[in-house]
Amino acid sequence: MPGYQLQEVTESGNAAGPRVTVETMAGLAEWVTRDQRWLWDSAAAIYPALVAAGIRIDRCHDIALTERILLSRQGVFGLPVLAAAVRARAMGEPVPDDRDDVPGPPALFEAESTRRTGQPDVDPIDTLQFAIADQRRRIANDRALALLVAAESASGLAAVEMGFVGLPWRVDIHQDLLTDLLGPRPPAGHRPVRLATLSQEIDHAFGFPVNPDSAVDLRAAFRRAGFDIESTRSWVLKDLDHPAVPPVLRYKELARVHSANGWNWLDEWARGGRFHPEYLPGAVVSGRWATRGGGALQIPRGLRKAVVADPGHRLVVADAAQLEPRVLAAISGDAALQRVSADVDLYSALADDGFGGDRSHAKVAMLGAMYGATSGESGRLLGTLRQRYPVAMAYVETAAREGERGGVVHSVLGRACPPPGAGWRAAVEIGTQQDATDAERRRADQFGRDRGRFTRNFVVQGSAADWAAVWLSGLRRDLRAVPGAELVFFQHDELIAQVPVESAETAADLTVAAAMAAKALVFPRSPVTTPVLPKIVDCYADAK
DNA sequence: TCAAATGGCGCC
DNA sequence: AAAGGGCGCCATTTGA
């Protein structure tokens, strides 16, 4: 593994510390000691090889992840080739907004001059030194931003480690579930018997053949049967009085299992009893993680039975209860909502505080407020929220107005949302001219409202992601003191650690402590709580 | 014919 | 209870 160039930095943060040129893994191992922070271009590019070689590090500064956050604040998105961005900044040129570039692992030291013609070659160490100094300068004196960058860098380490370790996955249990639902595994290219049977029932109910996998065909069939529907989404179909509806809904459900998490998924993703998705920290504009491969963030609840701890171990499943409304209470400073958020079941408290004890109404209303619902029950319930929590509602309304007029908003620690694109600006520009047609006005309105919903949600979702990154990185650090403990899954506001039986209670306590620490760091002086309720289980399905 | 767009649905 | 935010993935459809 030659060619990696890392720079060691002293605890004092002196970037001019000794240089290390790593020629081999064995050579690197000598350099890895505790209490070092490594500076490197990207954990995603370097760390997988180290982890595979049995090397773990405690801390790092990840130039790529940091640069993405810093560039977001300059309105640059789409992850330009990192070296190009650093080089442009070094030369005082505008940073290229390279949306179409293929986002491979961001590589500072790859031979980019061969890929991107016309660029001068640069010394990687010089580039690294410049990048570090430049980033430090841009972060200087912004404690929130420094916290975000530290948490993001640590997330980069956790992501690589979790991808390497993988989520325990019992293939036999998964196979049994599939057989129960769909019948035996069909030959390649064939439908399982259960789907074929349902398809026949659907044909029979309509009186003519219909392909239930085709939305076009299915909608035409229902229209032919006298139901003037716009789409075939299941919540539309479920209200129709037609004999085809039950088998269609069941077909959709099972076809989803088959195509998304069927035998092909098992072959590709769960060999060896582990599911190894690739985690991409901060890859969602809001700062949430994304994953690549296997749909790791959409594991159906019904499949959680297949996630079982190794012998002698337990799973510690911890999630932050109703994180987003608590975050809204914190960032808005709404005293009434903060009082409600003192309750472990926030929605129940909300229900008792203006929704006549109706928890589901309270929940719908709050979600609607954060997502920008306009119509229906949720829209009507917004009035109650405005009356009870005017400060919180004004906060999200302000964010929405900012988005509608083309502005940007920030998460609590300072991640910026993308500015509107050229198409958006053009459409709004045209639609607001004196001589605009009705269609142009409607289009401009639509674009404005859509973006308002986006920025409204961004401030909440992004701040929740900030909190979660701090939580995760703190827990990762603390968990290193627990022998045999590994983080194995992370999903927005929920994580799973696999821990030796005897350490399960300790690890569970650590998830709680890390949540309290995250609250104190991200929302200092705020009275809100961000409770975490860890469950110690053998099987993920038993955690809820 | 093939790549991009769409519809749909799983998770938060 | 409603169909509002963010994603990834699959099968089908569209259109160049």
Side-chain angles (χ1 to χ4, degrees), chain A residues 189 191 195 211-220 229-239 248-249 251-262 264-265 268-269 277-280 282-304 319-325 327-328 347 355 358-382 396 399-400 403 409 411 417-418 449-465 468 489-495 540 544:
Chain A
R191 279 195 298 204
L195 288 181
N211 176 9
D213 287 322
S214 163
V216 173
D217 204 20
L218 198 54
R219 189 180 63 178
I229 53 174
E230 284 303 319
S231 85
T232 62
R233 297 214 230 299
S234 47
W235 72 79
V236 172
L237 299 187
K238 79 175 173 22
D239 294 329
V248 166
L249 292 179
Y251 183 95
K252 281 170 170 279
E253 219 174 297
L254 295 180
R256 163 101 193 161
V257 172
H258 180 235
S259 72
N261 297 102
N264 292 342
W265 186 96
E268 188 170 6
W269 295 108
E278 182 184 2
Y279 291 95
L280 306 170
V284 177
V285 286
S286 64
R288 278 184 172 183
W289 292 24
T291 59
R292 197 153 42 203
L297 301 183
Q298 306 130 256
I299 299 170
R301 302 187 95 83
L303 242 53
R304 293 180 182 183
D319 81 307
Q322 303 129 10
L323 180 60
E324 293 197 344
V327 164
L328 175 57
Y347 290 129
F355 289 90
D358 188 332
R359 188 177 184 281
S360 67
H361 271 190
K363 185 174 176 180
V364 168
M366 184 51 76
L367 292 175
M370 294 185 298
Y371 292 159
T374 51
S375 60
E377 190 70 13
S378 181
R380 277 196 298 285
L381 293 167
L382 283 182
V396 290
V409 295
S411 71
C417 84
R449 280 196 309 274
D450 287 351
R451 192 150 190 288
R453 282 193 300 274
F454 167 62
T455 51
R456 170 199 297 268
N457 184 251
F458 183 96
V459 294
V460 179
Q461 189 185 116
S463 300
F489 190 62
F490 176 61
Q491 185 181 37
H492 309 311
D493 59 2
E494 171 180 15
L495 58 80
Y540 188 18
K544 202 72 188 190

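Computed over heavy atoms, backbone and side chain alike; hydrogens, waters and symmetry mates excluded. Numbers restart at 1 for each chain; the letters A, B, ... are given by sequence-line order, proteins then strands.
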Please confirm whether the shortest side-chain N or O distance from [X] to OP1 or OP2 of [N] is below 4.0 Å.
{"X": "A:Ser234", "N": "B:dG8", "result": "no"}
{"X": "A:Thr291", "N": "C:dC7", "result": "no"}
{"X": "A:Arg256", "N": "B:dC9", "result": "no"}

Remember a base hit wins even if backbone is also touched, and classify [X] as base, sugar-phosphate or nothing at under 4.0 Å, heavy atoms.
{"X": "A:Gln461", "value": "base"}
{"X": "A:Arg453", "value": "sugar-phosphate"}
{"X": "A:Gly295", "value": "sugar-phosphate"}
{"X": "A:Val460", "value": "nothing"}
{"X": "A:Lys252", "value": "sugar-phosphate"}
{"X": "A:Arg288", "value": "base"}

Between [atom2] on [N] and [atom1] on [X], what's the gap in Å once rounded to a whole number?
{"X": "A:Phe458", "N": "B:dC12", "atom1": "CZ", "atom2": "P", "value": "22 Å"}
{"X": "A:Tyr347", "N": "B:dC12", "atom1": "OH", "atom2": "C1'", "value": "11 Å"}
{"X": "A:Met370", "N": "B:dC12", "atom1": "CE", "atom2": "P", "value": "14 Å"}
{"X": "A:Glu230", "N": "C:dA2", "atom1": "CD", "atom2": "C1'", "value": "18 Å"}
{"X": "A:Arg359", "N": "C:dA1", "atom1": "CZ", "atom2": "C1'", "value": "14 Å"}
{"X": "A:Asp319", "N": "B:dC12", "atom1": "CG", "atom2": "P", "value": "9 Å"}
{"X": "A:Ile299", "N": "C:dC7", "atom1": "CD1", "atom2": "C1'", "value": "14 Å"}
{"X": "A:Tyr540", "N": "B:dG10", "atom1": "OH", "atom2": "C1'", "value": "13 Å"}

Within this structure, what is the [atom1]-[atom2] distance for the pair [X] and [Y], rounded to the nearest 0.5 Å?
{"X": "A:Thr232", "Y": "A:Leu218", "atom1": "OG1", "atom2": "CG", "answer": "5.0 Å"}
{"X": "A:Leu254", "Y": "A:Leu249", "atom1": "CG", "atom2": "CG", "answer": "11.0 Å"}
{"X": "A:Gln461", "Y": "A:Leu323", "atom1": "CD", "atom2": "CG", "answer": "10.5 Å"}
{"X": "A:Trp269", "Y": "A:Asn264", "atom1": "CH2", "atom2": "CG", "answer": "12.5 Å"}

Given axes from five pairs at either end, by how many degrees does the helix from B:dT1-C:dA16 to B:dC12-C:dG5 bend, rounded to 10°?
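Answer rounded to 10°: the end axes differ by 10°.
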Any donor-acceptor pair under 3.5 Å from A:Trp265 side chain to A:Ser259 backbone
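No: the side chain of A:Trp265 does not pair with the backbone of A:Ser259.
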Run the side chain to side chain contact (heavy atoms under 4.5 Å, CB included) test on A:Leu297 and A:His492 for me, step by step, so that the C-alpha distance in whole Å, both residues' side-chain angles and the decisive distance to 0.1 Å come before the verdict.
CA-CA 8 Å; A:Leu297 301 183; A:His492 309 311; 3.7 Å; yes
Quick one: which of [options] gets closest to the side chain of [X]?
{"X": "A:Arg304", "options": "B:dC9, C:dA1, B:dC11", "value": "B:dC11"}
{"X": "A:Arg301", "options": "C:dG6, B:dC12, C:dA1", "value": "B:dC12"}
{"X": "A:Gln298", "options": "B:dG10, B:dC9, B:dC12", "value": "B:dG10"}

For A:Tyr371 and C:dG5, are the ring centres under 5.5 Å apart with planes inclined under 30°?
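Base of C:dG5: stacked against A:Tyr371.
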For A:Trp235 and C:dA3, is the gap between ring centres under 5.5 Å while the planes differ by less than 30°?
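The ring of A:Trp235 is stacked on C:dA3.
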Can you confirm whether more than 12 heavy atoms, excluding those of A:Lys252, are under 6.0 Å from its NZ atom?
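Enclosed.
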Considering non-hydrogen atoms only, spot the tightest contact between A:Tyr279 and A:Thr291 and give its length.
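Heavy atoms only, the tightest pair is CD2-CG2, 3.6 Å.
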So, A:Lys238 and A:Glu253, do they make that salt bridge, N to O below 4.0 Å?
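Answer for the salt bridge query: no.
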How do A:Gly294 and A:Arg380 order along DNA chain C: which one's closest nucleotide is nearer the 5' end?
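Its nearest nucleotide being more 5', the pick is A:Arg380.
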Could you pick out which residue, A:Asp450 or A:Leu280, lies toward the 5' side of DNA chain C when each is mapped onto its nearest nucleotide?
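The residue whose closest nucleotide sits nearer the 5' end is A:Asp450.
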Residues A:Lys544, A:Asp319; criterion side chain to side chain contact (heavy atoms under 4.5 Å, CB included); working and verdict
CA-CA 10 Å; A:Lys544 202 72 188 190; A:Asp319 81 307; 4.2 Å; yes
Audit row: A:Leu303, A:Tyr540, side chain to side chain contact (heavy atoms under 4.5 Å, CB included) steps and yes/no
CA-CA 9 Å; A:Leu303 242 53; A:Tyr540 188 18; over 6 Å; no
Treating primed atoms plus P, OP1 and OP2 as sugar-phosphate and everything else as base, which nucleotides of nucleotides 11-16 of chain C get B, S or - for protein heavy atoms under 4.0 Å?
SSS---
